[in-house]
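Notes to accompany the following structure.
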Amino acid sequence: MFPEQNSGYGYEDCKATADWLLTQTDIRPVVGIVCGSGLGGLADMLKDQVVFNYKDIPNFPQSTVRGHAGQLVFGTLKGRPCVCMQGRFHLYEGYPIQKITLPMRIFKLLGVETVMLTNAAGGLNQDYKVGDVMIIKDHINMPGFAGNNPLAGPNDDRFGVRFPCMSDAYDRELQQLAMDVGQELGYSDFLKEGVYCVLGGPSFETIAECRMLHRLGADAVGMSTVHEVITARHCGMRVFALSLITNQAVMDYESKEKANHEEVLQTGRQRAKQLEQLVSAMVTRIEHSQNYA
Ligand SMILES: O=P(O)(O)O[C@@H]1C[C@H](O)[C@@H](CO)O1
Ligand SMILES: Nc1nc2[nH]cnc2c(=O)[nH]1
């Protein structure tokens, strides 16, 4: 279950991949962006792009899900050097959890300081509507309750400590920045803040499961992000994450609604432009160790 040395996920493997990427481009990213299902258009915001197919990057997994293009895009966003994953990996694709999160460690070794993650999620909070954008303030890691945590196994201190704190996983300044920027852009009507719960997928939830998750304090449910957040925090990157509420979780036996991936992708397309505006405006205002003004 745990990665052995030479498993392909260790420090040396991540370093080899990061070093290889750094020989292929002069861009030295300080922001890393992860595109959720149907949100790959975020990568199109980058200027002066250098694009790698995942299949050409040593050690990198392959995207297998529709709506996840499988490209790593380097470029600049309003002058800030960025790297963007156009396609992420999920537990249900069959990858070991350490492989799903490997890109976070590669981000770190590329010099990334801030990670911005996006996902598509089902809304559990009855005040949420399809198309709302939920700024994630906290998470519930259901697979983690069963021991499925990306940090399980030997700890490599070069990345971080054995027992990282998660009560500050989601950077509060960045949450506030998102709210401020969202307000300036006129997005207040569809901006929310809430708790994201990750499940393993790929099946969507039953009605009883949705009711249970809601009672436990989750506002939205999905199949990603949390493993990446844990790994990113472990190695000391700042984290911002948001969910696009692509569908309403079915909570009622009378409902005719059925969760489906088509609706997820369709909602992504409808909100794409506003999400691009929000993320790009935030990127220009995040402070980094170097000044790009
Ligand atoms: O990568 P994300 O979390 O955005 O993808 C969600 C979860 C499933 O992969 C898919 C279901 O439609 O969207
Ligand atoms: N688990 C889960 N993931 C999603 N991704 C987008 N919508 C949903 C949903 O309703 N449930």
Side-chain angles (χ1 to χ4, degrees), residues 32-43 54 61-71 84-95 97 99-101 103-104 115-126 128-136 139-143 148 150 194-214 216 218-232 239-252 255 257-272 275 279:
I33 299 168
V34 180
C35 303
S37 283
L39 302 174
L42 287 169
Y54 289 168
Q62 306 307 308
S63 284
T64 68
V65 186
R66 212 151 42 86
H68 291 263
Q71 299 192 135
C84 186
M85 284 179 72
Q86 213 173 22
R88 66 142 61 83
F89 313 108
H90 308 83
L91 271 182
Y92 64 75
E93 291 174 82
Y95 290 119
I97 197 163
K99 192 126 196 166
I100 289 169
T101 52
M104 295 304 105
V115 182
M116 304 178 79
L117 300 128
T118 63
N119 65 51
L124 295 162
N125 185 321
Q126 297 304 288
Y128 289 2
K129 294 189 288 300
V130 169
D132 281 352
V133 173
M134 182 185 87
I135 295 164
I136 301 180
H139 71 225
I140 299 174
N141 179 11
M142 280 289 178
N148 212 354
V195 175
Y196 175 85
C197 178
V198 62
L199 302 186
S203 50
F204 288 110
E205 296 67 42
T206 65
I207 294 171
E209 286 165 348
C210 289
R211 290 178 168 193
M212 180 194 82
L213 296 175
H214 185 231
L216 288 179
D219 296 298
V221 57
M223 307 179 195
S224 70
T225 307
V226 166
H227 319 304
E228 294 151 342
V229 170
I230 292 170
T231 308
V239 166
F240 171 78
L242 63 78
S243 295
L244 173 61
I245 305 300
T246 52
N247 55 291
Q248 249 152 0
V250 181
M251 311 277 264
D252 174 1
S255 170
E257 296 290 320
K258 287 184 180 193
N260 65 87
H261 193 53
E262 263 328 307
E263 183 184 11
V264 168
L265 297 180
Q266 170 72 9
T267 311
R269 283 191 283 273
Q270 284 164 353
R271 265 287 175 255
L275 280 176
V279 170

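Fair warning: this is a prediction, and the values are worked out from it, not measured in the lab. In each ligand, atom 1 is the first atom listed, and ligand 1 is the first ligand listed.
- Residue-to-ligand polar distances place Ser37 within reach of ligand 1: an N/O pair is separated by less than 3.5 Å.
- Taking CD1 of Ile97 as the reference point, atom NE2 of His90 lies at 12.5 Å (rounded to 0.5 Å).
- Contact of the Val239 side chain with the Leu117 side chain is registered, since non-hydrogen atoms from C-beta on lie closer than 4.5 Å.
- Distances below 4.0 Å separate heavy atoms of Asn119 from the following atoms of ligand 1: 3 (O), 4 (O).
- Panel note: side chain Tyr54, backbone Gly87; a donor-acceptor pair is recorded below 3.5 Å.
- For ligand 1, the polar-atom distance check against Ala120 finds a nitrogen or oxygen pair separated by under 3.5 Å.
- Not a single N or O atom of Thr118, backbone or side chain, sits closer than 3.5 Å to an N or O atom of ligand 1.
- From the protein, the heavy atom lying nearest to atom 1 (O) of ligand 1 is His90 NE2, 2.7 Å.
- For ligand 2, the protein residues placed under 4.0 Å by at least one non-hydrogen atom are Ala120, Ala121, Gly122, Phe204, Glu205, Val221, Gly222, Met223, Thr246, Asn247, Val264.
- Side-chain contact check for Met104 versus Met85: some heavy-atom pair is nearer than 4.5 Å.
- By the 30° and 60° cut-offs, the orientation of the rings of Tyr95 relative to Phe89 is perpendicular.
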Q.
Under the criterion salt bridge (charged side-chain N to carboxylate O under 4.0 Å, His left out), I'd like the reasoning laid out for Glu262 against Arg66: C-alpha separation, chi angles, the key distance, then a yes or no.
A. CA-CA 10 Å; Glu262 263 328 307; Arg66 212 151 42 86; 2.9 Å; yes
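- At least one donor-acceptor pair closer than 3.5 Å links the side chain of Gln248 to the backbone N or O of Tyr128.
- Remark: among candidates Glu263, Met223, Glu262, the nearest residue to atom 7 (C) of ligand 1 is Met223, based on non-hydrogen atoms.
- Between Leu124 and Cys210 the shortest side-chain heavy-atom distance falls below 4.5 Å.
- For Arg88 and Glu93, the salt-bridge test fails: no basic side-chain N is under 4.0 Å from an acidic carboxylate O.
- Proximity of Val264 to ligand 1, defined as any heavy-atom pair under 4.0 Å, is confined to the side chain (atoms from C-beta onward).
- At a 3.5 angstrom cut-off on N or O pairs, Tyr92 counts as close to ligand 1.
- Side-chain N or O atoms of Tyr196 include one that pairs as donor or acceptor with a backbone N or O of Ser224 at under 3.5 Å.
- Per-residue contacts place Gly36 under 4.0 angstrom from the following atoms of ligand 1 (heavy atoms of the residue considered): 4 (O).
- Considering backbone and side-chain atoms together, Tyr196 places no N or O closer than 3.5 Å to any N or O of ligand 1.
- Partner of Pro150 under the side-chain contact (heavy atoms from CB on, under 4.5 Å) criterion, chosen from Thr101, Val226, Val229: Thr101.
- Considering only non-hydrogen protein atoms, atom 12 (O) of ligand 1 sits nearest to His261 ND1, 2.6 Å.
- Using modelled atom types, no side-chain atom of Asn119 and backbone atom of Gly36 make a donor-acceptor pair closer than 3.5 Å.
- When hydrogens are left out, the protein atom nearest atom 3 (O) of ligand 1 is Ser224 OG, 2.5 Å; that is the closest non-hydrogen contact.
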